Chemist: 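Questions regarding the structure given below will be posed in turn.
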Number of protein chains: 2
Amino acid sequence: MKPQPNPESVPMRARILAAATQMLAENGYEGTSLQRIADKVGLRKPSLLHHFPSKDALRQAVLDTIFSGWAQVLPRVLKSKGDGQDRFTLTMRETMNFFAEDKDRARLILREILDNPDGLSKRLGATLAPWMQRFTASLVKGKDAGTVRQELDPEAFVAHTAALALGAFALADAARGLLGDDQLDPNRLQEECLRMTRAALFN
Amino acid sequence: MKPQPNPESVPMRARILAAATQMLAENGYEGTSLQRIADKVGLRKPSLLHHFPSKDALRQAVLDTIFSGWAQVLPRVLKSKGDGQDRFTLTMRETMNFFAEDKDRARLILREILDNPDGLSKRLGATLAPWMQRFTASLVKGKDAGTVRQELDPEAFVAHTAALALGAFALADAARGLLGDDQLDPNRLQEECLRMTRAALFN
DNA sequence: CCTACCGATCGGTAGG
DNA sequence: CCTACCGATCGGTAGG
């Protein structure tokens with residue numbers, strides 16, 4: 001017989017994670033108390049600390065969930081068929097879809113970059129850096145083959161493209177204030193982001 | 001005789017503002033206590049609250065300083081001579097220089113967008129929105145004249161360009177983890193950002 | 001999963 | 001510009 005966890009405990013961990021994700025994205029780490037997370041999920045604070053031994057452990061679990069979700073998107077897309085242009089387009093679309101699915105994801109990553117750049121750098125270095133370097137290398141190859149613009153700076157382009165994909169969704173709310181309020185639905189942001197990066201990338 | 005403020009008091013207000021700016025950019029609003037600001041500037045907490053009546057008032061003063069600085073950059077540049085392409089290039093350069101001068105600026109604005117999107121929207125709407133709408137309008141005109149790409153989505157382009165200019169400097173630290181650590185000095189980021197937006201903008 | 005409680009720190013005030 | 005102090009809340013623990 002396998003050890004049988006309390007049937008309630010599996011959904012409870014997920015419920016805590018979901019509540020914490022939303023509150024951390026909305027109010028940040030320092031702006032979110034364990035008490036308020038516990039209230040939202042219908043527990044006392046010590047009970048919450050039974051599922052996650054500390055506030056920082058809960059933060060890490062939230063980030064792990066997001067990054068493992070993102071890590072599932074990238075390999076699937078980079079193995080796809082087609083030339084470099086097709087693969088770039090598909091990668092951008094899948095990445096933006098991942099963030100569009102749940103806007104908390106982009107906001108949480110942005111917050112983590114601001115709050116804890118070194119810690120996030122390590123995490124990114126471990127999981128995403130290999131894919132980024134592959135991307136950078138394919139840009140260099142594309143320049144040699146003449147499909148990619150000669151003036152393009154591969155490392156800087158990758159950094160800016162990542163910033164664009166993140167920013168488009170995390171900052172959409174504030175953008176509404178910059179312009180004429182209405183319009184600017186996520187779809188238009190997504191299509192223009194793709195058009196801009198493609199225009200800047202390919203000959 | 002004009003009322004003569006205590007000669008110490010003018011630099012003290014500025015010293016508090018400078019310390020608060022740096023600490024709010026680094027740790028965020030909830031992550032920065034009045035006590036630590038007071039310590040850094042060599043005051044007791046109640047004395048700090050004599051210069052700024054509340055923590056929120058201090059936050060607003062910090063943001064006011066940044067936005068009035070930015071508001072000085074934009075009109076100067078938009079009145080410059082040259083065609084639309086020259087003006088776009090100059091505007092981007094001046095904006096990026098403004099953020100490069102002090103990286104706290106971009107980080108602080110990004111944090112404010114995340115923490116308080118509605119409040120920031122109002123502030124942006126009051127000061128920056130007219131300039132943004134002028135920019136958007138000139139994009140529409142450029143499309144009619146054939147200098148600007150037909151496929152360009154003006155509102156979305158403006159939003160993404162702003163996100164790029166902000167992100168390039170606020171996220172530079174984390175970007176170092178994504179790529180091969182070294183290299184990626186601000187200058188390269190700035191030049192590539194300009195190249196990308198120009199390539200996406202003009203025929 | 002709970003009650004009860006810990007020391008530390010929070011923003012802010014009283015009063016001089 | 002200070003000392004002294006306020007109630008509230010923080011993350012976390014003891015113990016069951």
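Proteins get letters first, then strands, A, B, ... in listed order; numbering begins at 1 in each. Remember, predicted model here, so these are calculated numbers, not experimental data.
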Chemist: List the residues meeting side-chain hydrogen bond (donor to acceptor under 3.5 Å, both in side chains) with B/Arg195, not counting sequence neighbours, and say none if there are none.
Modeler: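 B/Arg195: side-chain hydrogen bond (donor to acceptor under 3.5 Å, both in side chains) contacts with B/Glu192.
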Chemist: A/Arg107: which residues meet the side-chain hydrogen bond (donor to acceptor under 3.5 Å, both in side chains) condition with it, sequence neighbours left out?
Modeler: none
Chemist: Return the set of residues passing side-chain contact (heavy atoms from CB on, under 4.5 Å) with B/Asp144 (not counting sequence neighbours), or none when no residue passes.
Modeler: none
Chemist: Could you list the residues that satisfy side-chain hydrogen bond (donor to acceptor under 3.5 Å, both in side chains) with A/Lys40, not counting sequence neighbours?
Modeler: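 A/Lys40 satisfies side-chain hydrogen bond (donor to acceptor under 3.5 Å, both in side chains) with A/Gln22 once adjacent residues are dropped.
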Chemist: Are the side chains of A/Phe52 and A/Leu17 in touch, meaning some heavy atoms are under 4.5 Å apart?
Modeler: yes
Chemist: What pairs with B/Gln190 under side-chain contact (heavy atoms from CB on, under 4.5 Å), at least two apart in sequence or on another chain?
Modeler: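 Expected list: B/Met96, B/Asn97, B/Ala100, B/Phe169.
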Chemist: Would you please name every residue forming a side-chain hydrogen bond (donor to acceptor under 3.5 Å, both in side chains) with A/Lys141, sequence neighbours left out?
Modeler: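 side-chain hydrogen bond (donor to acceptor under 3.5 Å, both in side chains) list for A/Lys141, sorted by chain: empty.
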Chemist: Using the side-chain heavy atoms of A/His51, tell me which of these nucleotides is nearest: D/dC1, C/dC1, C/dT13.
Modeler: C/dC1
Chemist: Pull out every protein N or O sitting under 3.5 Å from an N or O of nucleotides 2-6 of chain C, one pair per line with the distance.
Modeler:
| unit_1 | atom_1 | unit_2 | atom_2 | d |
| --- | --- | --- | --- | --- |
| C/dC2 | OP2 | A/Arg44 | N | 3.1 |
| C/dC2 | OP2 | A/Ser47 | OG | 2.5 |
| C/dT3 | OP2 | A/Arg44 | NE | 3.3 |

Chemist: Could you tell me which residues satisfy side-chain contact (heavy atoms from CB on, under 4.5 Å) with A/Thr95, sequence neighbours excluded, listed by chain and number?
Modeler: A/Trp70, A/Leu74, A/Thr91, A/Phe99, A/Ala165
Chemist: Please list, in numerical order, the residues of residues 29-40 of chain A that have a heavy atom closer than 4.0 Å to any atom of DNA chain C.
Modeler: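 Nucleic-acid contacts, sorted: none.
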Chemist: Which residue pairs pass the salt bridge (Lys or Arg N to Asp or Glu O under 4.0 Å) test when at least one of the two sits in residues 50-61 of chain B, sequence neighbours left out?
Modeler: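 Found B/Asp56-B/Arg59, B/Arg59-B/Glu112.
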Chemist: Sequence neighbours excluded, which residues qualify as side-chain contact (heavy atoms from CB on, under 4.5 Å) partners of B/Ser138?
Modeler: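 Checked B/Ser138 against side-chain contact (heavy atoms from CB on, under 4.5 Å); matches are B/Phe135.
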Chemist: Looking at the side chain of A/Leu49, which of D/dT13, C/dG12, C/dC1 is the nearest nucleotide?
Modeler: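 Shortest atom-to-atom distance from the side chain points to D/dT13.
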Chemist: Within this structure, what is the CZ-to-C1' distance between A/Arg13 and C/dC1, rounded to whole angstrom?
Modeler: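 The distance from CZ of A/Arg13 to C1' of C/dC1 comes to 17 Å, rounded to the nearest Å.
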Chemist: For DNA chain C, please output the secondary structure as dot-bracket, reading 5' to 3'. Pairs are Watson-Crick or G-U wobble, both atom distances under 3.5 Å; mark crossing pairs with [ ], other-strand partners with |, unpaired with a dot.
Modeler: ||||||||||||||||
